[in-house]
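Okay, structure first, notes after.
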Amino acid sequence: MKLQFRESLSWLHTWSGLVLGLAIALFAITGAGLVLRPNLDVFVNRHLLAVPACNAPRPLDRLVRDAERAYPNGEFRAVEITADPTASLAVRFADDTYVYLNPCSAEILGIKNHYAGFFGTLDWLHRFRFIGNPEHDLSGKITGGLITAVFLVLLIVGGLLLWWPRTRGEWKNAAAFQWRRRGSARTLSLHKVVGLYSALLLLLITLTALPLSFQPFRDLIGWATNSPVASAPPPGLSRPAHGKPLPLQELWQLAEARVGDIAWASLYRPAATSAVAEVEILQRGAPHANAKSFLYLNAYNGETIRLSRYATGMPAGRKVYLYLLALHSGLVGGLGYQLLLLLAVLGIPVQVYSGASVWLRRKFRKAPPAATLRLRLVRKMKEAESIASFEFTHPDGRSLPPFSAGSHIDVTPLPGLTRQYSLCNDPNDTHRYVIAVLRCADSRGGSQAMHEVLKAGDLVEVSVPRNHFPLAHSAARSLLIAGGIGITPILCMAERLANGGADFRLHYCMRSRGQAAFLERIAASDFARRAQLHVSDEGTRLDIDALLDSEPRDSHLYICGPAGFMDAVIAAAAARGWPETLIHREYFAAAAHDSARDTAFDVRIASTGQTIRVERDETAVVALARQGILIPTSCSEGVCGTCVTRVIEGEIEHNDVFLTGEERARNDQFTPCCSRARSPLLVLDL
Ligand code: FES
């Protein structure tokens with residue numbers, strides 16, 4: 001399917017569902033109730049419908065008179081008789097009100113309108129009777145019901161086309177609910193699977209509703225079968241000038257004798273000027289509840305005017321129409337078909353909810369607002385050779401958002417130049433953020449600007465703190481290892497652990513004491529005796545292997561420093577079988593990435609199916625942003641983890657230093673700011 005066609009279809013599918021969702025859900029929920037009405041009515045309205053077995057009912061005329069007395073303002077229309085001796089007798093009035101009687105005792109069991117009560121209200125809503133005449137005609141006005149039905153067909157067919165897998169490998173996933181997915185991808189999987197399995201039945205229900213509600217579709221059946229669809233009008237026969245009509249009881253006995261094997265019948269009183277009494281009959285063994293025969297009697301002499309038996313005298317068009325009605329209402333196929341219909345229609349509210357939810361999440365999914373502060377640099381102090389500390393406070397003296405040990409902030413020393421720096425002051429400080437910055441010889445501008453451009457008194461854009469390097473407070477013991485400027489988060493952690501009385505050791509590695517920050521602060525701290533300095537110039541270089549060999553295997557390791565130093569510690573820990581979950585790391589910069597081998601690949605948005613090309617010389621973040629899909633980023637080089645995005649399908653090429661080896665091996669998330677794909681396509685949980 002061409003991408004443009006797919007996108008148009010997706011647009012139509014989405015907006016049909018959003019605009020008509022409520023109407024469709026109303027049809028579905030009320031329809032679900034009506035499917036079960038024939039079975040449940042017997043229990044819900046047992047007091048009206050059931051009587052003790054009655055084998056000697058009173059004459060119908062007497063029962064109808066009693067009913068008329070009970071409902072004096074009603075105009076008698078028909079009496080409904082059931083062959084079952086434990087069923088009540090229903091006398092129907094012109095306004096669809098029924099009076100229910102015990103046919104043996106003539107006791108009035110109750111009066112109820114067809115559209116009253118729980119099921120009656122469902123029926124009233126399902127037929128859209130609140131907008132007036134339930135019979136709608138294209139020659140009159142195009143009604144909401146017809147528009148809804150047409151769009152429902154479009155929704156179902158369009159949804160199936162959108163669902164249709166494009167490759168063989170996708171079939172298995174497409175037909176099964178992907179419960180492992182998260183967020184909108186999981187909701188979308190639910191939407192697709194429920195839609196797939198209910199589509200055929202929903203199409204059937206929708207198409208069979210059309211001839212029931214709209215004359216042009218009935219005409220279509222008549223044209224296709226070349227026979228009438230409407231019930232044949234009663235034969236014309238005027239009432240005689242003299243004489244009285246036969247009693248209802250006598251007419252009923254004539255019907256029983258002439259048709260036989262009656263399970264249910266409705267005996268209509270003749271119209272004011274007519275002599276014709278109509279009897280609508282359902283015989284035992286009829287193929288469905290609408291397979292009715294019609295008997296027309298001369299109400300004055302009892303002669304049969306016409307008998308249209310369903311089996312032999314019903315035109316094909318009428319039969320097709322009645323069968324469609326039975327299919328739509330669940331009156332064929334027994335309880336199994338009713339339950340299938342019920343499940344299918346209950347799937348519609350699920351579809352409306354899941355479709356709207358995916359759309360809303362996508363529509364209002366934005367990059368988190370830039371939570372930045374404008375802070376004053378109140379102190380800039382040399383801490384060691386090429387290292388300066390920077391202290392920021394609020395210009396109005398207000399408290400700052402809190403942070404925890406291991407947190408970092410984004411600092412923007414120049415417009416468009418943002419860098420991440422770990423906080424190294426006590427997390428209990430509520431009024432200041434302190435960072436320390438090493439001026440790198442190969443600075444890409446960040447540390448150079450911090451050292452050379454910023455001066456005390458400047459207002460600087462600073463983000464609220466975020467923590468990708470948190471302490472595991474449940475650790476029995478912690479081993480903190482810092483290399484050079486990596487002491488910044490580690491120092492904060494040591495102070496936090498010391499304050500909490502935790503068991504830990506600090507190892508601080510440096511080339512020379514002149515290049516090491518915070519030596520005095522460490523020497524003066526409560527944990528000075530638990531801190532060990534390793535100075536290369538003094539020949540006290542850290543023996544990583546010896547240190548790890550002496551450390552219990554359940555210690556949590558925290559490592560921060562130059563990439564080579566960190567990689568060496570992590571490799572040594574891994575070689576000793578240290579669990580990944582106990583190794584915590586914070587890189588300052590990503591390892592150099594050779595982009596010469598980069599190739600283009602596609603990313604697909606799981607919630608919409610939209611496919612976006614990522615060219616070889618751009619990142620996935622840039623390609624997504626071009627299509628209006630914004631992924632929040634910070635470092636843009638795979639260090640901070642701000643952009644981490646779930647991946648549902650495809651093979652990832654990880655170019656970051658943020659994810660652990662275990663997380664990479666799971667192949668279910670990546671950093672789109674720098675990582676790419678090994679496979680031609682990555683499906684993203686967006
Ligand atoms: S933005 Fe920092 S890892 Fe992607």
Side-chain angles (χ1 to χ4, degrees), residues 365-372 403 406-413 416-423 435 437 440 443-447 450 461-470 485-486 488-489 559-563 566-567 570 580 583-595 598 601 603 605 612 614-615 617-647 650 652-678 682 684-686:
R365 182 183 199 284
K366 288 192 196 132
T372 53
F403 67 95
S407 296
H408 70 268
I409 52 174
D410 294 357
V411 181
T412 307
L417 188 68
T418 300
R419 294 290 183 267
Q420 292 73 44
Y421 298 108
S422 295
L423 290 166
I435 57 174
V437 180
C440 299
S443 168
R444 289 182 297 133
S447 67
M450 291 295 293
E461 202 170 281
V462 171
S463 75
V464 297
R466 282 170 294 163
N467 198 343
H468 297 310
F469 189 38
I485 192 64
T488 46
I559 310 143
C560 188
M566 291 183 62
D567 290 345
I570 292 167
E580 274 269 11
I583 304 176
H584 311 271
R585 83 267 335 256
E586 172 117 301
Y587 282 88
F588 285 140
H593 167 66
D594 177 10
S595 58
D598 288 351
F601 61 99
V603 289
I605 309 304
I612 297 163
V614 182
E615 299 297 348
D617 56 352
E618 66 180 355
T619 65
V621 163
V622 170
L624 288 165
R626 206 173 41 241
Q627 300 299 324
I629 300 167
L630 303 179
I631 306 282
T633 57
S634 180
C635 70
S636 295
E637 56 176 342
V639 172
C640 69
T642 306
C643 64
V644 168
T645 303
R646 275 183 52 78
V647 174
I652 303 162
E653 180 188 302
H654 293 282
N655 295 326
D656 64 288
V657 289
F658 178 76
L659 297 176
T660 64
E662 209 171 281
E663 287 167 335
R664 289 168 175 221
R666 285 208 298 269
N667 195 57
D668 62 357
Q669 54 183 333
F670 88 139
T671 49
C673 68
C674 61
S675 296
R676 307 185 68 81
R678 288 207 179 99
L682 291 182
L684 306 183
D685 183 8
L686 292 172

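In listed order, ligands and their atoms are each counted from 1.
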- Message: Determine whether Arg419 and Glu637 satisfy the following criterion, salt bridge (Lys or Arg N to Asp or Glu O under 4.0 Å), listing intermediate values before the conclusion.
- Response: CA-CA 11 Å; Arg419 294 290 183 267; Glu637 56 176 342; 5.9 Å; no

- Query: How close does the nearest protein non-hydrogen atom get to atom 3 (S) of ligand 1, and which residue and atom is it?
  - Reply: Gly641 N, 3.2 Å

- Please answer whether the main-chain N or O of Phe403 pairs with a side-chain N or O of Asn467 as donor and acceptor at a distance below 3.5 Å. no

- Message: Restricting to N/O/S atoms, is Cys674 within less than 2.8 Å of atom 4 (Fe) of ligand 1 or not?
- Response: no

- Query: Hey, what's the ring geometry for His468 with Phe658, parallel, tilted or perpendicular (30° and 60° as the breaks)?
  - Reply: perpendicular

- Would you find a donor on one side and an acceptor on the other, under 3.5 Å apart, between the side chain of Ser675 and the backbone of Asn655? yes

- Message: If we set the cut-off at 4.0 Å for heavy atoms, which region of Val639 has an atom near ligand 1: side chain, backbone, both, or neither?
- Response: backbone

- Atom indices of ligand 1 within 4.0 angstrom of Gly638 heavy atoms, with elements: 3 (S)

- Between Cys643 atom SG and Cys673 atom SG, the angle centred on atom 4 (Fe) of ligand 1 rounds (to 10°) to 100°

- Could you walk me through whether Thr372 and Val462 pass the side-chain contact (heavy atoms from CB on, under 4.5 Å) test, one step at a time? CA-CA 6 Å; Thr372 53; Val462 171; over 6 Å; no

